[in-house]
Chemist: 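Below are the structure tokens for one structure; questions will follow.
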Amino acid sequence: VHRTASHERSPRSEATQPKGESRSLSTTRLYVAVFMKRSTKGESGMRTFIGIDLGSTTTKSVLIDGNLEVLGRGITNSRSNYDVAARVSKQEAKIAARFTLFRNALGKDAEHLLADLERNFRLEQFLSALRQLEETCMGYLDHPRFQGTKAVLRRSLDAVFRKIEVEAQEIYAPGAARKSDFFRDIAGSRFMNLAEAASREADIPFETMLNIYDKSIIDVESRVDPDETVASQMRNGLARSLASAEGVGVDRDEALSALGTVLGIELEETFVVGTGYGRVRLPFPKEQIRSEILCHGLGAHMMFPGTRTVLDIGGQDTKGIQIDGNGIVTSFQMNDRCAAGCGRYLGYIADEMKIGLHELGPIAMKATRVPRINSTCTVFAGAELRDRLALGERREDILAGLHRAIMLRAISIISRSGGVTNEFTFTGGVAKNEAAVRELHKLLKENYGDMTVNISPDSIYTGALGGAAFALRAVAH
């Protein structure tokens with residue numbers, strides 16, 4: 001499996017066409033290079049092109065410059081409010097772009113400082129969101145229904161938030177492992193545990209505190225910090241890093257000056273394209289919306305120019321796509337009426353087994369045999385799963401069978417789209433599941449022989465990357 005990250009690609013001359021790169025992609029690079037020189041805003045501004053992929057589970061954004069280089073990526077939960085999800089993921093992509101520009105300004109010797117800065121910046125973000133959550137929770141106590149318990153609820157909530165505030169230092173400590181980087185997941189997990197104990201101690205219903213939290217987190221998640229707040233968080237994060245990191249090989253004044261310069265650059269949203277499962281809900285005019293099939297095809301081509309067949313397994317659907325040497329879609333198939341064998345299906349299985357979604361792959365890799373699973377239907381799979389466990393089958397083996405059933409279904413969709421042609425690129429969130437990747441390799445070898453299988457660590461951003469490329473083309477042409 002070839003694992004290629006976009007930041008590992010070396011800079012390439014605009015005057016030459018790299019080996020394996022399509023003529024149209026190279027031409028676009030040359031055209032845009034000239035276009036950018038003609039329309040540059042100077043050192044204080046940078047023209048950027050953004051693709052937003054609004055999926056059923058997560059919303060992704062990719063921000064590129066005029067040379068098709070990825071500056072930043074952002075991801076967030078696809079809330080019920082798609083407009084907010086689009087804004088949050090776009091802001092996260094801009095934040096990542098700031099880090100990229102800061103890294104470019106300081107050079108490779110600053111990697112240790114940059115890693116420390118990102119960790120401390122996330123801590124600053126978390127503490128800021130936690131304060132907003134606390135203020136919102138306290139605000140709900142003014143409701144008449146809490147008139148008799150307001151004082152005790154205030155004390156209990158205060159105790160819970162003070163403890164989370166202290167724990168935040170450990171959550172974001174160097175080397176600390178987190179199951180999720182989403183604020184809702186981290187804060188929610190800690191609030192549940194601490195609020196349950198606090199409610200028992202104060203002799204108040206746990207459900208009351210939980211209800212206040214549920215209402216408040218929705219409000220907090222719907223807010224997007226302005227650029228000024230983000231800049232302040234980055235400065236505070238750098239101050240923390242410079243105070244704690246020794247021997248990082250970066251001069252303090254140089255680092256502060258570089259960050260000030262980077263924060264002073266305006267990242268102009270020259271053109272934004274939306275795609276994905278929820279693209280019709282995005283607040284864009286129709287000329288800024290592209291089919292997810294087209295975006296995934298072009299995105300896979302940009303990641304791996306030799307791609308001819310693309311398999312994308314997302315949260316709600318599976319797509320089999322055939323593309324030509326220019327990244328243009330020639331045919332496709334997808335299961336658009338059933339989520340069987342997709343990310344939602346795996347989430348359901350994880351819930352049935354009371355384990356985390358991220359644990360499915362590692363557990364399945366420990367299997368000693370791969371049983372045949374009769375159904376990938378979410379409704380029937382749960383019943384079959386319980387039956388097999390009751391019969392004494394190992395869960396490792398059952399999960400291995402489930403992963404094979406998922407990939408069998410995917411190969412069936414691929415075959416209906418036109419079969420498999422070398423090179424093969426696997427994208428989507430499920431591409432991070434090692435058990436799914438293993439079964440894919442087996443099935444491809446069994447049915448099509450040896451071939452190149454491309455999987456990028458950033459495969460979940462493929463659709464957004466294609467959208468960003470379409471955004472650039474819209475301006476260039």
Side-chain angles (χ1 to χ4, degrees), residues 5-14 32-33 36-37 39-50 61-75 88-129 169 172-175 181 224-270 457-458 461 468:
S6 60
H7 64 268
E8 294 172 345
R9 295 196 297 266
S10 59
R12 298 183 292 192
S13 167
E14 301 298 357
V32 172
M36 294 298 290
K37 288 177 183 177
S39 308
T40 181
K41 294 179 63 177
E43 293 182 355
S44 62
M46 176 179 290
R47 309 190 76 187
T48 66
F49 308 86
I50 302 172
S61 289
V62 169
L63 183 150
I64 65 174
D65 64 12
N67 295 320
L68 288 172
E69 293 297 329
V70 175
L71 296 180
R73 303 176 184 85
I75 187 170
V88 171
S89 69
K90 185 168 62 175
Q91 185 198 58
E92 285 295 314
K94 286 187 173 182
I95 290 170
R98 301 282 184 195
F99 275 99
T100 298
L101 295 173
F102 188 53
R103 176 181 289 106
N104 293 343
L106 293 180
K108 293 183 179 179
D109 293 338
E111 287 301 324
H112 180 68
L113 174 62
L114 286 162
D116 205 55
L117 168 59
E118 183 166 5
R119 178 179 58 79
N120 282 316
F121 169 72
R122 295 302 175 187
L123 172 60
E124 289 289 333
Q125 267 194 322
F126 180 85
L127 291 173
S128 175
Q169 308 298 325
Y172 288 91
D181 284 322
V224 180
D225 287 334
D227 291 343
E228 295 77 12
T229 300
V230 172
S232 176
Q233 291 167 349
M234 291 192 77
R235 291 191 188 96
N236 292 340
L238 182 59
R240 285 178 182 269
S241 298
L242 292 172
S244 61
E246 296 180 359
V248 295
V250 178
D251 180 76
R252 176 186 177 86
D253 292 336
E254 181 186 354
L256 291 171
S257 176
L259 182 61
T261 301
V262 167
L263 293 176
I265 298 173
E266 178 192 356
L267 298 178
E268 176 194 307
E269 295 180 19
T270 307
D458 301 312
Y461 295 99

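All values reported here derive from a predicted model rather than from experimental measurement.
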Chemist: Give, for atom CZ of Arg119 and atom CG of Leu114, the distance between the pair rounded to the nearest 0.5 Å.
Modeler: 13.0 Å
Chemist: Minimum heavy-atom separation for Asp225 to Ser128, with atom names?
Modeler: OD2-OG, 4.4 Å
Chemist: Run the side chain to side chain contact (heavy atoms under 4.5 Å, CB included) check on Arg98 and Leu259 step by step: do they pass?
Modeler: CA-CA 9 Å; Arg98 301 282 184 195; Leu259 182 61; over 6 Å; no
Chemist: Would you say the side chain of Asp65 lies within less than 4.5 Å of the side chain of Arg47, judging by non-hydrogen atoms?
Modeler: no
Chemist: Looking at Gly72 and Ala96, what are the two nearest heavy atoms and their distance?
Modeler: CA-CB, 3.6 Å
Chemist: Can you tell me how far the OG1 atom of Thr48 sits from the CD1 atom of Ile50, to the nearest 0.5 Å?
Modeler: 4.5 Å
Chemist: For the atom pair CG (Leu127) and CD (Gln233), what is the distance rounded to the nearest 0.5 Å?
Modeler: 9.5 Å
Chemist: Do Met234 and Glu124 touch side chain to side chain, with heavy atoms closer than 4.5 Å?
Modeler: no
Chemist: Is the shortest heavy-atom distance from the side chain of Gln125 to the side chain of Val230 under 4.5 Å?
Modeler: no
Chemist: Measuring from Ser89:OG to Ile75:CD1, what's the distance to the nearest 0.5 Å?
Modeler: 9.0 Å
Chemist: Is any side-chain heavy atom of Leu63 closer than 4.5 Å to a side-chain heavy atom of Val70?
Modeler: no
Chemist: What residues, two or more places apart in sequence or in another chain, satisfy side-chain hydrogen bond (donor to acceptor under 3.5 Å, both in side chains) together with Glu118?
Modeler: none
Chemist: Can any side-chain N or O of Thr261 pair as donor or acceptor with the backbone N or O of Ser257 at less than 3.5 Å?
Modeler: yes
Chemist: Kindly indicate whether the side chain of Leu242, heavy atoms from C-beta on, has any atom under 4.5 Å from the side chain of Leu113.
Modeler: yes
Chemist: Any non-hydrogen side-chain atom of Arg252 less than 4.5 Å from a side-chain atom of Leu256?
Modeler: yes
Chemist: For the residue pair Leu238 and Ala255, what are the closest heavy atoms and their distance?
Modeler: CD2-O, 3.9 Å
Chemist: Would you confirm whether Asn120, through its side chain, and Asp116, through its main-chain N or O, come within 3.5 Å as a donor-acceptor pair?
Modeler: yes
Chemist: Mind checking the CG-CG spacing from Leu117 to Leu106? Nearest 0.5 Å is all I need.
Modeler: 9.5 Å
Chemist: How many angstroms lie between CD in Glu69 and CG in Asn104, if you round to the nearest 0.5 Å?
Modeler: 10.0 Å
Chemist: Would you say Thr229 and Ser232 make side-chain contact, with heavy atoms under 4.5 Å?
Modeler: no
Chemist: With side chains defined as the heavy atoms from C-beta onward, is the minimum distance between Arg122 and Asp181 less than 4.5 Å?
Modeler: no
Chemist: With a 3.5 Å distance limit and no angle check, can you tell me whether Asp458 reaches the backbone of Tyr461 through a side-chain donor-acceptor pair?
Modeler: no
Chemist: Measure the acute angle between the ring planes of Phe121 and Phe99, then classify it against the limits of 30° and 60° as parallel, tilted or perpendicular.
Modeler: perpendicular
